[in-house]
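The structure appears below as structure tokens.
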Amino acid sequence: MKALKVNGDRLWDSLMEMAKIGATEKGGCRRLALTDLDKQGRELYIKWAEEAGCTVKIDQIGNIMATRPGEDPNLAPVGTGSHLDTQPSGGKFDGVFGVLSGLEVVRRMNDLGIKTRHPIEISVWTNEEGSRFAPAMMGSGVVSGRFTLQEILDKTDVEGIRLGDELERIGFAGDTPVTGRQYHAFFETHIEQGPYLEAEDKQIGVVTGGQGQRWYDVVINGRESHAGTTPMHLRKDALITASQLVLKVEEIAKAHKPGCGTVGFMQVSPNSRNTIPGQISFSIDLRHPEDDQLTAMGTELQAAVAELTATSGSDIDLKQIWYYAPIPFDSECISAVRSSAEALGYSYMDIIAGAGHDACYVSDFAPTSMIFTPCLDGISHNEIESTTKEECEAGCSVLLNAILTMAGDVKAEETSVTKETLDA
């Protein structure tokens, strides 16, 4: 069968409809994990998946699995999917593009009467972003065994609200076991969230692996005191010490190219205009595609903390809360993505995933790869995150053909497949 394209208009319309849930003034989305808005997005997706003929199950951590049956029900499914939760000021495409691409693949197969030997399963993974509950990628992490179910159910947000209680509250504490999940292959489609595809004028990124990450929580305890009566040389200003450590994070990252270092969350206490800050809590995010370099970055961070503790007079508590090593993807899945891009005539390049993705944890127990598409100026985790209908159609079309490659013995009903429908 010739390479097929999806219905780009339908995919785009679905993306725009989902974007109305949690829409922000600047054109983005705010659907934090397990909030009422996340519940609305999940329910809309389930409605669409069931209308497309899928059977929907929910597991114990709230992951949604929508399955299109295959001709041999004993075979493991070919999977795809991503997440519906967003950053506090996120965009319309991060995660949701991967979920709705999977849905469009199923819809397009239905259009064309295509049957596959393997079932097709679309996953919505719980709390991929890690913005409300840390760490990130919880749903896929529990299924892969990186986390235990109970430890994740017991996680709390900054307001002390327990994740397991929120799952119950919004009606997504499912009963399908999180253990024993199998895939014949798994693909995740995602906007790149970086500038490389756009800079190289490529339509498709063939993702060969994901870079490693180390996340830290830091608490610095200085001493609160009056801003007007405490001389500068007698202060223990926790914010000054925090600022020095933030600069050190940047220095470490720049010394380990192409590594990245970010401080994206900070709380100042008592957060009063005329009081010297006594306690600072913040996050540190270190990333690198090579594990030895990532380890060196962590070692240098620990050394910087020890030095600042000795010189600042403040106590610094540094805890690593999350780590995973750089991950190579499956060669056969990578080949399926590359061959699909070639067959469709799209320009492409190999690329490493700079962000964490559920596919990285899925690769622990299944052959996996990813498909990247460009986003304007490489901007993501931002309300102005932008891509085009044509770019979404290209990525989803590559996904369709990669899935068909791995799903085996593709058949089309002659009465429903015509030249016009294939070209539509």
Side-chain angles (χ1 to χ4, degrees), residues 1 4 45-46 49-50 52-83 98-99 101-110 114-126 128 137 139-147 149 174-190 207 209-210 327-340 357-371 396 398-412:
M1 183 182 291
L4 304 175
Y45 166 72
I46 289 174
E50 289 178 339
C54 293
T55 300
V56 176
K57 294 182 179 180
I58 301 168
D59 72 13
Q60 296 164 299
I61 196 60
N63 297 319
I64 304 168
M65 294 82 69
T67 304
R68 182 182 195 259
E71 296 210 300
D72 187 344
N74 296 315
L75 294 177
V78 174
T80 188
S82 193
H83 60 97
V99 172
S101 287
L103 178 63
E104 172 56 29
V105 164
V106 167
R107 286 169 166 172
R108 192 60 173 146
M109 288 182 181
N110 293 344
I114 291 173
K115 297 180 180 180
T116 57
R117 289 187 62 235
H118 290 260
I120 308 299
E121 182 180 286
I122 316 164
S123 295
V124 176
W125 302 104
T126 295
E128 191 274 350
M137 296 148 56
S140 56
V142 169
V143 172
S144 72
R146 295 286 186 116
F147 311 125
L149 174 63
D175 56 8
T176 298
V178 295
T179 56
R181 186 80 58 85
Q182 292 184 326
Y183 291 115
H184 177 64
F186 184 89
F187 300 94
E188 182 173 359
T189 308
H190 210 283
V207 186
I327 294 171
F329 285 149
D330 177 76
S331 59
E332 188 176 1
C333 290
I334 293 169
S335 177
V337 173
R338 188 180 291 119
S339 297
S340 297
H357 296 286
D358 291 306
C360 295
Y361 280 163
V362 174
S363 71
D364 286 353
F365 62 92
T368 301
S369 186
M370 295 187 70
I371 301 159
C396 188
V398 171
L399 175 67
L400 169 62
N401 289 274
I403 286 177
L404 291 177
T405 297
M406 301 301 292
D409 287 354
V410 179
K411 296 194 294 185

Just do the side chain to side chain contact (heavy atoms under 4.5 Å, CB included) check on L400 and V105 with the steps written out, would you? CA-CA 5 Å; L400 169 62; V105 164; 3.8 Å; yes

Side chain S335, main chain S331, donor-acceptor under 3.5 Å: no

I need the minimum non-hydrogen distance between A336 and A402, along with the two atoms involved. O-CB, 4.0 Å

Shortest non-hydrogen contact between S140 and D358, atoms and distance: OG-OD1, 2.6 Å

For E50, does the CD atom sit with more than 12 other heavy atoms under 6.0 Å from it, leaving out its own atoms? yes

Among all residues two or more places apart in sequence or in another chain, which pass the salt bridge (Lys or Arg N to Asp or Glu O under 4.0 Å) test with E104? R10

Provide the closest heavy-atom pair for S369 versus I334 in the form atom of the first, atom of the second, distance. OG-CG1, 3.6 Å

Shortest non-hydrogen contact from W125 to H83? O-CB, 3.6 Å

For T67, enumerate each residue passing the side chain to side chain contact (heavy atoms under 4.5 Å, CB included) test, keeping only those at least two apart in sequence or located in another chain. P119, E121

Checking N110 side chain against A52 main chain: does a donor-acceptor pair fall under 3.5 Å? yes

Under a 3.5 Å distance rule, please check whether T116 uses its side chain to pair with a backbone N or O of G408 as donor and acceptor. no

Straight-line distance of F186 CZ to F329 CZ, nearest 0.5 Å: 9.5 Å

Which residues pass the salt bridge (Lys or Arg N to Asp or Glu O under 4.0 Å) test with D72, not counting sequence neighbours? none

Please identify each residue that fulfils side chain to side chain contact (heavy atoms under 4.5 Å, CB included) with S82, with sequence neighbours left out. V99, E188, H190

Donor-acceptor pair, side chain of H184 and main chain of L75, under 3.5 angstrom: no

Please name all residues satisfying salt bridge (Lys or Arg N to Asp or Glu O under 4.0 Å) with R107, sequence neighbours left out, ordered by chain then number. none

For the pair T179 (side chain) and P177 (backbone), establish whether a donor and an acceptor sit closer than 3.5 Å, ignoring hydrogens and angles. no

Restricting to non-hydrogen atoms, name the atom on A407 and the atom on I120 that form the minimum distance, rounded to 0.1 Å. CB-CD1, 4.0 Å

Over all heavy atoms of both residues, which pair between L4 and L404 is shortest? Give the atoms and the distance, please. CD1-CD1, 3.9 Å

Polar side-chain atom of T126 near backbone of N63 as donor-acceptor pair, under 3.5 Å: yes

Dump the intermediate steps for side chain to side chain contact (heavy atoms under 4.5 Å, CB included) on S123 and Y183, then the final yes or no. CA-CA 11 Å; S123 295; Y183 291 115; 2.9 Å; yes

Who pairs with Y361 by ring-ring contact (aromatic ring centres under 6.0 Å, His included), at least two apart in sequence or on another chain? F147, Y324

Spell out, as yes or no, whether a donor-acceptor pair under 3.5 Å connects the side chain of S363 to the backbone of C360. yes

Distance (rounded to the nearest 0.5 Å) between S340 OG and I371 CD1: 7.0 Å

Is any side-chain heavy atom of R181 closer than 4.5 Å to one of M65? yes

